[in-house]
Amino acid sequence: MAHLFLVKDIAFQAGLSTATVDRVLNGRPGVRRQTEMRVKAAIAELEKQQAGAIGSGRVLAIDIVMETPQRFSDAVRAAFEAEMTTFLPGVFRCRFHFAEVMKPAELVQLLDRIRLRGTHGIVLKAPDVAEVAAAVARADAAGIPVVTLVTDLPNSARIAYAGADNRAAGETAAYLIGEFLGTDGGKVLVTLSSGRFRGEEEREIGFRRVIRARYPAISITEISEGHGTDAATGTLAAAALAADPAINAVYSIGGGNRAVLAAFDAAKRPVRVFVAHDLDADNRALLAARRIGFVLHHDLRTDARSAFRAIMSRATALPRTVPASLSSVEIVTPYNMPAGD
């Protein structure tokens with residue numbers, strides 16, 4: 001298997017031991033096909049990163065850890081890969097660890113494994129629970145900076161948050177839906193992937209506050225724990241529609257929008273207004289087809305840049321805590337949708 005990288009670098013990228021990588025590279029027996037594919041994927045990732053990397057300057061290898069649906073992790077990967085080729089004065093190499101659903105114990109185990117293996121920094125999208133905060137504290141004590149992405153862990157030892165103002169995003173969604181429904185009112189189905197994520201909770205708080213204060217003719221029903229996956233979210237949405245004939249609008253905080261719309265279609269129910277988050281591939285298609293009305297979008301490359309700067313600040317002995325630099329929220333319609341990467 002031809003390559004230009006050190007075995008330890010391939011092992012780091014693949015999350016395997018150097019002995020295992022050496023067996024794969026030299027075609028020795030006793031290697032599973034899955035392991036071989038991980039090594040090939042790691043080499044391909046290193047080649048792609050090297051192609052846009054700068055020939056000089058310090059290289060910082062970091063880990064991006066996220067519990068999130070694949071449609072969003074794909075968008076995050078694209079943003080970080082695009083941004084790391086242009087970031088100065090250092091060169092970042094990213095190793096990605098994505099899962100649609102992770103138990104807290106599994107996430108903690110992964111964070112501890114990364115800490116013990118070594119890394120220049122961790123970018124983390126994770127639920128705001130005590131065991132995750134404790135794992136962040138262990139990383140920080142080991143000199144590894146942790147930056148939270150999209151959803152914060154404000155009571156942890158993270159050095160910075162990279163993302164939008166989630167409460168303001170929820171308030172914006174309430175304004176759009178409230179003005180659209182007007183005095184006729186109705187009932188909004190609010191969908192969360194999980195109540196464990198601080199960012200989603202902040203969006204919901206902002207949404208409920210504005211609806212309660214400004215749009216008394218509108219009420220809210222909530223579904224949660226679909227984890228943004230189509231199957232689980234669709235089942236929850238179908239049950240909510242069956243139980244409440246007044247639902248006529250959607251504020252999708254946690255995703256699974258195709259499944260939510262399918263539930264409305266199956267029930268032969270109209271959606272007067274649908275507000276979603278993030279310009280992932282699904283939402284781009286749904287927006288272009290006029291199945292959803294608005295997408296609240298913030299630039300993930302801005303978030304990646306903020307995360308890089310925060311980690312660089314620790315590497316260069318700048319102040320320990322980096323001031324917040326929130327990315328702005330843009331209201332996207334079918335007529336102002338930015339071009340995809």
Side-chain angles (χ1 to χ4, degrees), residues 8-9 11-13 15 42 45-46 48-50 52-68 72-73 75-98 107-108 110-126 128 132-164 198-199 298-327:
K8 67 178 182 180
D9 289 336
F12 182 87
Q13 188 73 26
E45 185 72 33
L46 289 169
K48 182 165 56 174
Q49 294 177 12
Q50 186 184 60
I54 304 167
S56 60
R58 184 176 181 184
V59 175
L60 299 178
I62 67 174
D63 289 80
I64 319 296
V65 179
M66 298 176 62
E67 179 188 344
T68 194
F72 186 65
S73 64
V76 169
R77 178 191 287 268
F80 273 79
E81 288 180 342
E83 196 60 32
M84 71 185 177
T85 62
T86 62
F87 190 86
L88 295 173
V91 178
F92 282 88
R93 192 172 75 229
C94 298
R95 183 170 61 175
F96 300 98
H97 311 265
F98 298 148
L107 183 55
V108 166
L110 174 58
L111 292 172
D112 285 339
R113 190 165 67 243
I114 291 169
R115 170 175 57 83
L116 293 172
R117 182 186 295 123
T119 183
H120 290 109
I122 297 172
V123 179
L124 179 63
K125 178 184 180 293
D128 186 11
V132 172
V136 171
R138 290 192 291 274
D140 184 74
I144 298 169
V146 177
V147 177
T148 51
L149 180 71
V150 180
T151 182
D152 200 10
L153 304 173
N155 299 316
S156 72
R158 60 90 170 128
I159 65 165
Y161 164 67
R198 176 64 68 103
H298 70 280
D299 183 15
L300 290 170
R301 288 191 62 172
T302 299
D303 296 343
R305 197 155 52 245
S306 295
F308 288 159
R309 286 173 178 159
I311 292 169
M312 181 67 75
S313 75
R314 178 68 71 90
T316 54
L318 291 175
R320 176 184 176 83
T321 301
V322 179
S325 178
L326 299 176
S327 48

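These figures come from a predicted structure and were not determined experimentally.
What you find for C94 and I64 is that their closest heavy atoms are CB-CG1, 4.2 Å. Heavy-atom minimum distance, L111 versus A135: CD1-CB, 3.9 Å. Contact record, A79 with A304: O-CB, 4.3 Å, taken as the closest heavy-atom pair. Of all heavy-atom pairs spanning I144 and G121, the tightest one is CG2-CA, 4.0 Å. The two residues T119 and A61 make their nearest non-hydrogen contact at OG1-O, 3.2 Å. When every heavy atom of L153 is checked against every heavy atom of R158, the shortest pair comes out as O-CG, 3.6 Å.
Interatomic distance, CE of M66 versus CZ of F72, reported as 5.0 Å (0.5 Å rounding). Taking CZ of R117 as the reference point, atom CG of D112 lies at 12.0 Å (rounded to 0.5 Å). Remark: E83 CD to L300 CG distance equals 11.0 Å, nearest 0.5 Å. A distance of 10.0 Å separates CE in M312 from NE2 in H120, rounded to the nearest 0.5 Å. Taking CD1 of I311 as the reference point, atom CG of L60 lies at 8.0 Å (rounded to 0.5 Å). In this structure, the separation between OG1 on T151 and CG on L124 is 9.5 Å, given to the nearest 0.5 Å.
Taking 4.5 Å as the limit, every side-chain heavy atom of V147 sits out of range of all side-chain heavy atoms of R309. A heavy-atom distance below 4.5 Å is found between the side chains of H97 and I114. A heavy-atom distance below 4.5 Å is not found between the side chains of P154 and T148.
No side-chain donor from either of S327 and D299 sits under 3.5 Å from a side-chain acceptor of the other.
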If you apply the rule side chain to side chain contact (heavy atoms under 4.5 Å, CB included), what do you find for L110 with R113, and how did you get there?
CA-CA 5 Å; L110 174 58; R113 190 165 67 243; 3.3 Å; yes
Step-by-step side chain to side chain contact (heavy atoms under 4.5 Å, CB included) determination, V76 to F96:
CA-CA 10 Å; V76 169; F96 300 98; 5.5 Å; no
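With hydrogens and angles ignored, the 3.5 Å screen pairs a side-chain donor or acceptor of Y161 with a backbone N or O of V150.
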